[in-house]
Amino acid sequence: MSASVAVPAEVARGERRVALVPAAVVKLAARGIEVAVEAGAGRGSYFADDDYAQAGAALVASTAELWAQAEVVVKVRPPLPTEIELSHPGQLLVGFMEPARDLGRVARLRDGGVTALAMELLPRVTRAQSMDALTSQASVAGYRAALMAASGLARFFPMLTTPAGTIRPARVLVLGAGVAGLQAIATSRRLGAVVEAYDVRPAAKEQVESLGAKFVSLGVDASASGGYARELTADEHELERKLIADHVAASDAVITTAAIPGRRAPLLVSAAMVEAMKPGAVLVDLAAEGGGNCELTSPGETVEHGGVTIFGPLDLPSLLAVNASETYARNISDFLGLLIHDGELSPAWDDEIVAASVLTRDGRIVHEATRAAVEAAGGPPGGGPPDADSGARDADNGARDVQTGTRGQEAPE
Ligand code: NAD
């Protein structure tokens with residue numbers, strides 16, 4: 001019997017992406033996999049039902065029927081309680097799970113006997129590169145953040161020499177030069193801005209400079225395992241804020257992307273620093289979902305403070321839904337290659353990539369940091385969801401997706 005994979009329409013408010021696009025369906029069908037797609041699932045990202053049908057997918061009008069018949073359900077956003085109710089024990093659910101955001105959701109997945117495989121838990125190893133959804137979505141977010149800064153600024157990004165005078169290029173500062181930050185640097189450079197970037201990992205220096213930007217260094221090595229950064233000590237943090245202050249004040253646009261796995265986003269830009277910025281300057285805070293890198297950020301909103309506009313976007317990948325869905329679909333279909341062999345569902349549970357991704361399975365929370373957080377929050381080991389979010393922050397342990405824009409408000413049930 002062929003493995004059956006289902007693609008529901010995303011139900012989170014404002015979410016426009018879809019987990020598989022027609023081109024990915026073609027590839028999966030060629031691998032002997034039956035794909036069912038909920039009618040209208042691709043509407044937000046402009047993929048028509050007809051294109052899915054031509055690609056070989058079965059279109060299903062009923063959400064309940066879609067979930068009932070699938071061995072594997074693939075999604076972008078974490079499941080809502082109503083979706084978990086539609087799942088059945090033993091069913092595989094693949095997508096972003098945001099375990100640290102909602103421990104109650106993890107407990108519901110456990111209690112429903114769902115095998116939840118979290119895309120944000122995949123290790124950042126070379127072999128998993130084509131499955132790395134954090135990277136694909138962070139690239140989209142970084143690009144879009146630069147455009148947001150450029151369009152929000154009442155000045156040109158490039159230098160212009162005109163008969164009416166020479167316009168100086170805008171000065172852009174990027175705080176945090178990971179995947180999103182590097183894409184924001186590259187995009188700002190392409191638009192002609194003069195760019196500086198700061199990170200606490202010395203390894204970022206070469207990447208920043210290769211994009212034609214200047215690296216701002218604290219002289220501290222805060223590299224941690226897996227290429228991530230560690231949290232700074234109080235003294236280092238104080239030094240950091242002093243170092244950044246002058247650069248922030250001199251910039252026309254600041255794009256912040258700094259994140260620490262499993263922790264609140266570091267606070268890099270204080271209200272006083274914003275007050276020292278030029279009137280008309282902009283700050284785009286890509287860390288808004290993780291609490292923000294700027295003290296004045298209001299997640300999901302745009303605020304103005306002393307003539308400075310502060311954007312706290314939560315939905316950037318959805319604003320580029322076509323390419324965000326295409327790249328996510330590639331991540332998902334390559335990951336499915338580790339779960340389905342010769343058209344049959346037979347996950348390689350011992351594979352390091354699959355093993356790392358397992359959040360819940362067989363009525364248990366498999367991801368250790370999340371299990372500890374659920375137990376600490378008062379959730380019994382086998383039943384009853386604890387309060388959402390309580391004690392959740394430390395549970396992520398590499399499962400963060402601060403700048404991927406995969407979070408946001410969920411639709412009311
Ligand atoms: P991230 O989202 O965890 O953090 C974004 C950036 O914020 C990081 O560069 C981090 O160093 C920086 N940061 C943290 N605290 C800071 C502070 N106080 N001030 C300034 N910057 C701060 O990171 P990410 O974008 O997911 O990338 C993490 C790492 O993973 C990078 O080293 C990247 O090269 C690596 N990576 C590897 C692969 C692979 O090999 N397959 C794929 C993607 C990313």
Side-chain angles (χ1 to χ4, degrees), residues 96 100 119-143 145 173-186 196-208 210-211 213 215-245 247-248 254-270 273 285-294 316-317 327 331 334-335 352-353 356 396-407:
F96 284 117
M119 291 304 282
E120 60 270 69
L121 290 177
L122 263 60
R124 309 298 273 281
V125 295
T126 306
R127 195 164 68 84
Q129 259 175 5
S130 69
M131 308 168 203
D132 188 342
L134 285 178
T135 291
S136 68
Q137 305 305 293
S139 299
V140 173
Y143 167 80
L173 173 67
V174 176
L175 301 178
V179 178
L182 290 171
Q183 194 54 246
I185 295 167
E196 291 182 318
Y198 163 71
D199 201 296
V200 290
R201 291 178 301 111
K205 180 177 191 289
E206 198 184 318
Q207 292 168 313
V208 166
S210 73
L211 294 170
F215 188 66
V216 177
S217 172
L218 185 62
V220 163
D221 184 355
S223 309
S225 63
Y228 292 110
R230 64 164 169 80
E231 207 163 19
L232 297 185
T233 63
D235 287 350
E236 288 169 341
H237 187 55
E238 196 47 42
L239 269 180
E240 166 176 76
R241 302 245 293 210
K242 282 193 187 131
L243 170 80
I244 296 170
H247 295 271
V248 170
V254 177
I255 300 170
T256 67
T257 77
I260 309 281
R263 295 269 178 268
R264 188 207 182 282
L267 258 183
L268 303 178
V269 181
S270 64
M273 286 189 215
D285 193 345
L286 272 193
E289 297 197 78
N293 290 144
C294 173
L316 290 185
T327 51
N331 301 145
D334 280 14
F335 183 55
E352 61 163 335
I353 298 172
D396 242 346
N397 191 23
R400 87 289 168 280
D401 45 0
V402 164
Q403 76 281 57
T404 63
T406 56
R407 294 177 188 139

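Ligands are counted one by one from 1 in listed order, and the atoms in each one are counted from 1 as well. Residues: numbered from 1 along the sequence shown.
No part of A204 comes within 4.0 Å of ligand 1, judged by heavy-atom distances. Using a 4.0 Å cut-off between heavy atoms, H237 makes no contact with ligand 1 at all. In I260, the part holding a heavy atom less than 4.0 Å from any atom of ligand 1 is the side chain. Residue T135 touches ligand 1 through its side chain alone, judged by heavy-atom distances below 4.0 Å.
Judged purely by atom type and a 3.5 angstrom limit, N331 uses its side chain to pair as donor or acceptor with the backbone of S130. Within the 3.5 Å criterion, the main-chain N or O of L286 finds no donor-acceptor partner in the side chain of T257. The main-chain N or O of R230 is never found under 3.5 Å from a side-chain atom of R201 such that the two would form a donor-acceptor pair. Remark: the backbone N or O of G292 is not paired with any side-chain donor or acceptor of D285 at under 3.5 angstrom. N293 contributes no side-chain N or O that, together with a main-chain N or O of A287, makes up a donor-acceptor pair within less than 3.5 Å. Checked by atom type and distance alone, the side chain of H237 never pairs as donor or acceptor with a backbone atom of E231 at under 3.5 Å.
Atoms of ligand 1 found under 4.0 Å from any heavy atom of G227, numbered from 1 in the order shown, are 28 (C), 29 (C), 31 (C), 32 (O). Heavy-atom contacts of E240 reach the following atoms of ligand 1: 17 (C), 18 (N), 19 (N) (cutoff under 4.0 Å). Taking every heavy atom of Q129 and a limit of under 4.0 angstrom, the matching atoms of ligand 1 come to 39 (C), 40 (O), 41 (N). Near A229, with a cut-off below 4.0 Å to any heavy atom, the atoms of ligand 1 are 10 (C), 11 (O), 14 (C). Atom numbering of ligand 1 starts at 1 in the shown order; those under 4.0 Å from a heavy atom of D132 are 42 (C), 43 (C). Near G176, with a cut-off below 4.0 Å to any heavy atom, the atoms of ligand 1 are 7 (O), 21 (N). Within ligand 1, counting atoms from 1 as listed, the ones closer than 4.0 Å to a heavy atom of T257 are 5 (C), 7 (O).
For D221 and S223, the side-chain atoms include at least one donor-acceptor pair closer than 3.5 Å.
Closest heavy-atom approach to atom 34 (O) of ligand 1 among the candidates Q183, Q207, R124: Q207.
A heavy-atom separation below 4.0 Å is not found between L182 and ligand 1. Residue A177 places a heavy atom under 4.0 Å from ligand 1.
For ligand 1, the polar-atom distance check against A259 finds a nitrogen or oxygen pair separated by under 3.5 Å. Inclusion of R201 in the set of residues having an N or O under 3.5 Å from an N or O of ligand 1 is warranted. Checked against a 3.5 angstrom limit, the closest N/O atoms of G178 and ligand 1 fall inside it.
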Applying side-chain contact (heavy atoms from CB on, under 4.5 Å) to Y198 and H247, what does each step give before you reach the verdict? CA-CA 10 Å; Y198 163 71; H247 295 271; over 6 Å; no
Could you check V200 against E240 for side-chain contact (heavy atoms from CB on, under 4.5 Å), going step by step and ending with a plain yes or no? CA-CA 9 Å; V200 290; E240 166 176 76; 3.7 Å; yes
Test K205 against S217 for side-chain contact (heavy atoms from CB on, under 4.5 Å), laying out the working first. CA-CA 8 Å; K205 180 177 191 289; S217 172; over 6 Å; no
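In this structure, CD in Q129 is found 12.0 Å from CG in L122, a value given to the nearest 0.5 Å.
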